[in-house]
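Structure record follows, encoded as structure tokens.
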Amino acid sequence: MTAMDEHLLEVDDLRVEFGRGRGTASVLNGVSCHVDEGETLAVLGESGSGKSVTAQTIMGILDTPPGRITGGAVRFRGEELLGADEERRRLLRGESMAMIFQDALSALNPVYSVGFQIAEQFRFRRGMSRRDAMVRAAEMLDLVRIPNAKQRVKEYPHQFSGGMRQRAMIAMALALDPELLIADEPATALDVTVQAQIMELLDELRRERGTGLVLITHDLGVVAEVADRIAVMYAGRIVEHADAATLYARPGHPYTRGLMDSVPRVDDAGVGGAGAVLRPIPGLPPSLSAIPHGCPFHPRCAYAQDVCTDEVPPLREVGAPDHRAACHFAEQFVAEGPDRPATQDVVSG
Ligand SMILES: Nc1ncnc2c1ncn2[C@@H]1O[C@H](COP(=O)(O)OP(=O)(O)OP(=O)(O)O)[C@@H](O)[C@H]1O
Ligand SMILES: [Mg+2]
């Protein structure tokens, strides 16, 4: 691969396990994806599908043990990170790649002012004086649209609302101007209006700064507006990948369709989809220490046939460029679009 077609971030066939022996949980089973500068990849999936473990492995903060990377590669601008020494990883964290966590309150230290905590990075990694670093911290709060940033920079986390704390976390992550930002459910704990504001902010900052953004969520509704491409995870695999428009118009995996049915859609009945019928996906994700034979989704799939219990469907191209799905019947689903009848007849014969 030449420098020209090198991705900002490339994850290739990543495998992670937890535990040993019979209790071994295969948490990541060959995850591949990439992100380029200035684009947003949304990673979507139910609780336990491996989204955070993927993020932690990319950032080099996976707990090992109990976690174990058993295969694959993570490349940042072509540089392999999985074998890199901890000093190199530490340098890259913050400077080149940064992560925002779900729970801003527990990520902030209650005994220091918000500004002090942002300023630390400028002091320790840019060698700035305390005073200059605080000025930069206030600029960062202003960047993430916190009103009265000059005053508020001196306040403590408990004086910030949930939305403002999450903005402060974004400011902290962006302080050293990383090229890649991974946001792991950055707004899950917040109410819907604030969630939308946080998404909008991340989207604006991405555009202004050209940051590559990985947006992790279990809520398709949240990322609909901002994602360029979407990767859908199930049981530690990416089961579908497409640009956002293609994924909505022609989902190729029944699981993706299930996720779409379980959130209100704007076009159902005005904003918020007040008239929409929400259908949660029946059943639960599999135990990762006993992933079903064949397609891991088959026990929950209304369309499952014999082949689905026998053979693992590979992730493969299913029509549009870059549209990949891991379902034996993906071509049929793609051809039918999202409004096919929810019966098993569709795929018989
Ligand atoms: N430190 C750990 N020790 C053991 N198992 C772990 C550990 N961290 C994660 N796992 C397991 O790995 C699997 C994937 O977890 P992960 O946190 O990546 O899920 P997720 O997709 O981020 O879910 P959520 O939407 O709830 O955040 C889960 O089954 C989880 O129990
Ligand atoms: Mg998670």
Side-chain angles (χ1 to χ4, degrees), residues 9 11 13-33 35 40-72 74 82 97-107 166 169-170 173 181-190 192 195 198-199 202 213-224 227 230-241 253 255-256 258-260 262-263 280-281 283-292 296-297 299-300 315 326:
L9 173 76
V11 176
D13 200 30
L14 190 60
R15 291 167 192 273
V16 170
E17 293 178 354
F18 281 95
R20 300 237 168 240
R22 287 183 141 265
T24 302
S26 307
V27 169
L28 298 187
N29 299 295
V31 171
S32 301
C33 59
V35 191
T40 301
L41 172 73
V43 179
L44 204 71
E46 280 167 298
S47 189
S49 55
K51 306 181 297 296
S52 294
V53 168
T54 303
Q56 289 158 6
T57 309
I58 293 168
M59 290 296 294
I61 55 170
L62 182 74
D63 285 330
T64 49
R68 204 161 56 244
I69 299 166
T70 55
V74 174
L82 290 186
M97 49 172 73
M99 185 161 161
I100 305 167
F101 300 89
Q102 174 174 344
D103 185 358
L105 188 54
S106 66
Q166 199 51 271
M169 290 306 299
I170 296 171
L181 182 62
I182 302 179
D184 190 358
E185 313 233 17
T188 305
L190 308 169
V192 219
Q195 269 188 24
I198 295 291
M199 287 302 144
L202 284 170
L213 182 61
V214 179
L215 204 51
I216 296 175
T217 177
H218 56 257
D219 185 346
L220 189 59
V222 164
V223 294
I230 299 179
V232 179
M233 282 189 81
Y234 189 77
R237 290 184 170 87
I238 290 177
V239 295
E240 184 154 17
H241 171 278
H253 199 291
Y255 179 63
T256 308
L259 288 178
M260 287 167 66
S262 63
V263 296
I281 301 173
L284 292 170
S287 156
L288 297 174
S289 47
I291 295 176
F297 186 60
R300 303 171 74 187
L315 186 65

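For ligands, and for the atoms within them, numbers begin at 1 and follow the listed sequence. Hydrogens, waters and symmetry mates play no part in the numbers below; they use all other heavy atoms, side chains included.
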Open item on the list: If we ignore hydrogens and angles and just use 3.5 Å, is the side chain of Arg68 paired with the main-chain N or O of Gly19 as donor and acceptor?
Closed with: yes
Task: Side-chain donor or acceptor of Lys51 paired with backbone N/O of Val43 under 3.5 Å - done: no
Task: Test item: Ser32 side-chain N/O and Asp13 main-chain N/O as donor-acceptor pair under 3.5 Å - done: yes
Open item on the list: Restricting to side-chain contact (heavy atoms from CB on, under 4.5 Å), what partner residues turn up for Ala55, sequence neighbours left out?
Closed with: Met99, Ile182, Ile216
Open item on the list: Give me the atom names and distance for the closest heavy-atom approach of Ile238 to Ala231.
Closed with: CD1-CB, 4.0 Å
- [ ] Search all heavy atoms of Ala98 against all heavy atoms of Ala173 and return the closest pair with its distance.
- [x] CB-O, 3.3 Å
Open item on the list: Please report the interatomic distance CG(Leu44) to OG(Ser49), rounded to the nearest 0.5 Å.
Closed with: 8.5 Å
Open item on the list: Tell me if the centroids of the rings in His253 and Phe297 come within less than 6.0 Å of each other.
Closed with: yes
Task: Neighbouring protein N, O or S atoms of the Mg ion (ligand 2) [cut-off: under 2.8 Å, no waters] - done: Ser52 OG
Task: ligand 1: protein residues within heavy-atom distance under 4.0 Å - done: Phe18, Val27, Glu46, Ser47, Gly48, Ser49, Gly50, Lys51, Ser52, Val53, Pro66, Glu185, Leu288
Task: side-chain contact (heavy atoms from CB on, under 4.5 Å) involving Leu82 - partner list, sequence neighbours excluded - done: Leu14, Thr57, Ile69, Val74, Glu80
